[in-house]
A.B. asks: 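Pasting a structure below so you can have a look.
Since the structure is predicted, the reported quantities are computational estimates derived from the model, not experimental observations. Quick note: residue numbers are just sequence positions, from 1.
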Amino acid sequence: LTQLERHYAETLSETSPAPVSMRRVVVLFGRNEPDTRFVQSLCTHLSSWVKRGVLDIWHAEMPMAGNLDDEMRRRLADADAVLPVLSADFWVDEKINANWLPEALRLHRDRGTRIVPLLHRACDFDETELAPFPLLPAGGKPLRNWPDEDEAFSNIVNNLKRLLYD
């Protein structure tokens, strides 16, 4: 029995992956119907990570206590990564462009918060402050233009794993 326990412990330690620490992610998006649906689908595709306790995802449509600006500042300050959802609506949202995006970029410069733009709908972003960051889905094709939406979300999820945990 002792030999069996030792063998089991050795086998378990060889095959078990190292525990992954939880990452906190904030999603920034223009609060409109198409982008809101995208964020809801993204959260669904990431739900297994949340259930396993390796991801805490937050966005402005989630329940909160108090003022949205205060909550957003607090969430951004605690975030490991910020996921801007790019569309034409993103660039005209005053709260995002005057407050939240500049704060996310400052946190990136000051402490290395990761910025990972998600291209939901075609828009002009090549000359913006987000142009240098790794864009998902890989290949620069807007998620909305993929023939298979689940495949596009799979591309995003797999690349997020690499960007957040490697």
Side-chain angles (χ1 to χ4, degrees), residues 20-64 68-69 71-126 128-146 149-166:
V20 175
S21 61
M22 184 173 69
R23 301 285 191 253
R24 289 180 175 83
V25 172
V26 172
V27 181
L28 293 180
F29 65 101
R31 294 168 74 186
N32 58 73
E33 188 177 337
D35 292 344
T36 298
R37 278 195 316 265
F38 169 84
V39 171
Q40 290 167 343
S41 293
L42 176 67
C43 289
T44 299
H45 282 268
L46 294 171
S47 66
S48 66
W49 295 16
V50 173
K51 287 178 185 173
R52 288 194 326 257
V54 298
L55 185 69
D56 176 31
I57 190 165
W58 188 85
H59 56 79
E61 294 287 317
M62 296 179 90
M64 74 188 98
L68 176 59
D69 285 326
E71 184 70 13
M72 183 62 79
R73 276 190 216 86
R74 186 179 75 73
R75 295 289 183 151
L76 286 171
D78 291 341
D80 297 296
V82 177
L83 310 178
V85 175
L86 303 184
S87 70
D89 290 309
F90 178 86
W91 299 110
V92 297
D93 188 299
E94 272 304 309
K95 288 220 182 260
I96 290 173
N97 289 284
N99 302 318
W100 305 338
L101 183 57
E103 180 64 10
L105 292 166
R106 184 191 66 75
L107 290 166
H108 169 73
R109 281 189 311 275
D110 293 352
R111 66 178 190 105
T113 301
R114 293 184 182 191
I115 309 275
V116 183
L118 307 177
L119 186 56
H120 176 221
R121 295 184 287 146
C123 63
D124 182 22
F125 68 92
D126 292 336
T128 71
E129 58 268 64
L130 294 178
F133 294 98
L135 182 66
L136 296 179
K141 182 178 182 180
L143 177 129
R144 192 173 193 171
N145 294 353
W146 284 59
E149 188 176 277
D150 286 330
E151 188 177 325
F153 275 111
S154 180
N155 180 292
I156 290 171
V157 168
N158 289 330
N159 281 293
L160 273 177
K161 271 184 208 175
R162 184 180 50 78
L163 292 168
L164 294 176
Y165 298 104
D166 286 348

A.B. asks: Who passes side-chain contact (heavy atoms from CB on, under 4.5 Å) against Ala88, sequence neighbours left out?
C.D. replies: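 Here no residue qualifies.
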A.B. asks: Taking side-chain contact (heavy atoms from CB on, under 4.5 Å) as the definition, give me every residue that meets it alongside Asn158, ordered by chain and number, with sequence neighbours left out.
C.D. replies: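 For Asn158 the side-chain contact (heavy atoms from CB on, under 4.5 Å) partners, ignoring immediate neighbours, are Ser154, Lys161.
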A.B. asks: Could you list the donor-acceptor pairs under 3.5 angstrom formed between side-chain atoms of residues 115-122 and any protein atom two or more places apart in sequence or on another chain?
C.D. replies:
unit_1 : atom_1 : unit_2 : atom_2 : d
His120 : ND1    : Asp35  : OD1    : 2.7
Arg121 : NE     : Asp35  : OD1    : 3.1
Arg121 : NH2    : Asp35  : OD1    : 3.4
Arg121 : NH2    : Asp35  : OD2    : 3.2
Arg121 : NH2    : Ser87  : OG     : 3.2
Arg121 : NH2    : Asp89  : OD2    : 2.5

A.B. asks: Restricting to pairs with a member in residues 50-60, which pass side chain to side chain donor-acceptor pair (under 3.5 Å), not counting sequence neighbours?
C.D. replies: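 Not a single pair qualifies under side chain to side chain donor-acceptor pair (under 3.5 Å).
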A.B. asks: List in chain and number order the residues that pass side-chain contact (heavy atoms from CB on, under 4.5 Å) with Glu149, two or more places apart in sequence or in another chain; answer none if no residue qualifies.
C.D. replies: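 Applying side-chain contact (heavy atoms from CB on, under 4.5 Å) to Glu149 gives Ser41, Leu143, Phe153.
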A.B. asks: Using the salt bridge (Lys or Arg N to Asp or Glu O under 4.0 Å) criterion, which residues pair with Glu129? Sequence neighbours excluded.
C.D. replies: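 Applying salt bridge (Lys or Arg N to Asp or Glu O under 4.0 Å) to Glu129 gives none.
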A.B. asks: What residues, two or more places apart in sequence or in another chain, satisfy side-chain hydrogen bond (donor to acceptor under 3.5 Å, both in side chains) together with Arg162?
C.D. replies: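 Arg162 satisfies side-chain hydrogen bond (donor to acceptor under 3.5 Å, both in side chains) with Asn159 only.
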A.B. asks: Can you sort out the partners of Glu94 under salt bridge (Lys or Arg N to Asp or Glu O under 4.0 Å), two or more places apart, ordered by chain and number?
C.D. replies: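 Result, salt bridge (Lys or Arg N to Asp or Glu O under 4.0 Å) vs Glu94: none returned.
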A.B. asks: My understanding is that only residues two or more places apart in sequence, or in another chain, count here; which of them pass salt bridge (Lys or Arg N to Asp or Glu O under 4.0 Å) with Arg74?
C.D. replies: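 With sequence neighbours excluded, Arg74 shows a salt bridge (Lys or Arg N to Asp or Glu O under 4.0 Å) to Glu71, Asp78, given in chain and number order.
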A.B. asks: Checking Trp49 now: which residues fulfil ring-ring contact (aromatic ring centres under 6.0 Å, His included) with it, not counting sequence neighbours?
C.D. replies: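 Partners of Trp49 by the ring-ring contact (aromatic ring centres under 6.0 Å, His included) criterion, ordered by chain and then number, come out as Tyr165.
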A.B. asks: Who passes salt bridge (Lys or Arg N to Asp or Glu O under 4.0 Å) against Asp93, sequence neighbours left out?
C.D. replies: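 Applying salt bridge (Lys or Arg N to Asp or Glu O under 4.0 Å) to Asp93 gives none.
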A.B. asks: Residues two or more places apart in sequence or in another chain: which of them pass side-chain contact (heavy atoms from CB on, under 4.5 Å) with Asp150?
C.D. replies: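 Asp150 satisfies side-chain contact (heavy atoms from CB on, under 4.5 Å) with His45, Asp148 once adjacent residues are dropped.
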